[in-house]
Amino acid sequence: MTRKEILNPAGHLIDNDRAAEYGPARKNFEDIAKGWSVIFGVEIKAEQVGPAMAWLKIARLAKNETHIDSYIDAAAYMALGGEIATEPATADNVKPFKQQA
């Protein structure tokens, strides 16, 4: 499998499938961070969610290094994490998601 065969599906997932299902990534990561903050009793920031989720996928790869979906998902989480860490929050990327009927 080539790097493009991993990165292209990751891009498709975060730009299409996941975006349509979960809404803006920043809002989703902020919601996850709030929940984790309550669970763990320490402040978690949206910028920390991408690397943490990627680590989950990497830890799973330690058990099965040929599971391609984990590579794709880890790449997607890191791309989203990098975007969230480097782009300021705006009304467009934090607005609540409304599913279309």
Side-chain angles (χ1 to χ4, degrees):
M1 182 156 238
T2 68
R3 66 190 83 171
K4 286 184 180 181
E5 290 173 313
I6 293 170
L7 292 173
N8 288 341
H12 180 78
L13 280 174
I14 59 180
D15 287 340
N16 297 293
D17 299 354
R18 300 301 187 265
E21 190 164 340
Y22 302 119
R26 178 179 289 277
K27 173 69 171 127
N28 185 253
F29 278 30
E30 285 176 356
D31 291 343
I32 292 168
K34 286 177 191 173
W36 286 355
S37 295
V38 171
I39 292 167
F40 298 119
V42 296
E43 181 185 7
I44 306 293
K45 298 178 182 176
E47 294 82 0
Q48 296 171 297
V49 172
M53 293 300 293
W55 175 247
L56 173 121
K57 295 299 183 170
I58 293 165
R60 287 181 176 174
L61 283 166
K63 303 290 185 202
N64 181 356
E65 66 274 355
T66 62
H67 189 73
I68 298 304
D69 284 348
S70 290
Y71 288 99
I72 293 168
D73 290 346
Y77 282 125
M78 290 305 292
L80 290 170
E83 179 179 278
I84 289 166
T86 59
E87 297 208 358
T90 67
D92 287 333
N93 65 20
V94 296
K95 65 184 174 190
F97 176 64
K98 292 182 182 176
Q99 239 178 347
Q100 307 215 347

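All residue numbers in this chain count up from 1 along the given sequence.
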Check your understanding: Atom CZ in R26, atom CD in E47: separation rounded to 0.5 Å?
Key -> 6.0 Å
Exercise for review: Can you sort out the partners of A79 under side-chain contact (heavy atoms from CB on, under 4.5 Å), two or more places apart, ordered by chain and number?
Suggested key: I14
Review point. Are M53 and I58 in one and the same hydrophobic cluster, where Ile, Leu, Val, Met, Phe, Trp and Tyr link if side-chain heavy atoms are under 4.5 Å apart?
Key: no
Practice item. Drop me the distance from M78's CE to K57's NZ, to the nearest 0.5 angstrom. Key: 14.5 Å
Review point. Out of curiosity, I32 CD1 to Y22 OH, how far, rounded to the nearest 0.5 Å?
Key: 9.0 Å
Point to revise | Residue pair A33 / A46: nearest heavy atoms and the distance that separates them | key: CB-N, 3.7 Å
Exercise for review: Could you list who else is in I6's hydrophobic cluster, with ILVMFWY side chains joined at under 4.5 Å, directly or through other members?
Suggested key: M1, L13, L61, I68, Y71, I72
Review point. How far does CD1 of I84 sit from NZ of K45, to the nearest 0.5 angstrom?
Key: 14.0 Å
Practice item. Grab the two heavy atoms, one from A54 and one from A74, that are nearest each other, plus how far apart they are. Key: CB-O, 3.9 Å
Practice item. Calculate, to the nearest 0.5 Å, the distance between atoms CZ and CH2 belonging to F29 and W36 respectively. Key: 8.0 Å
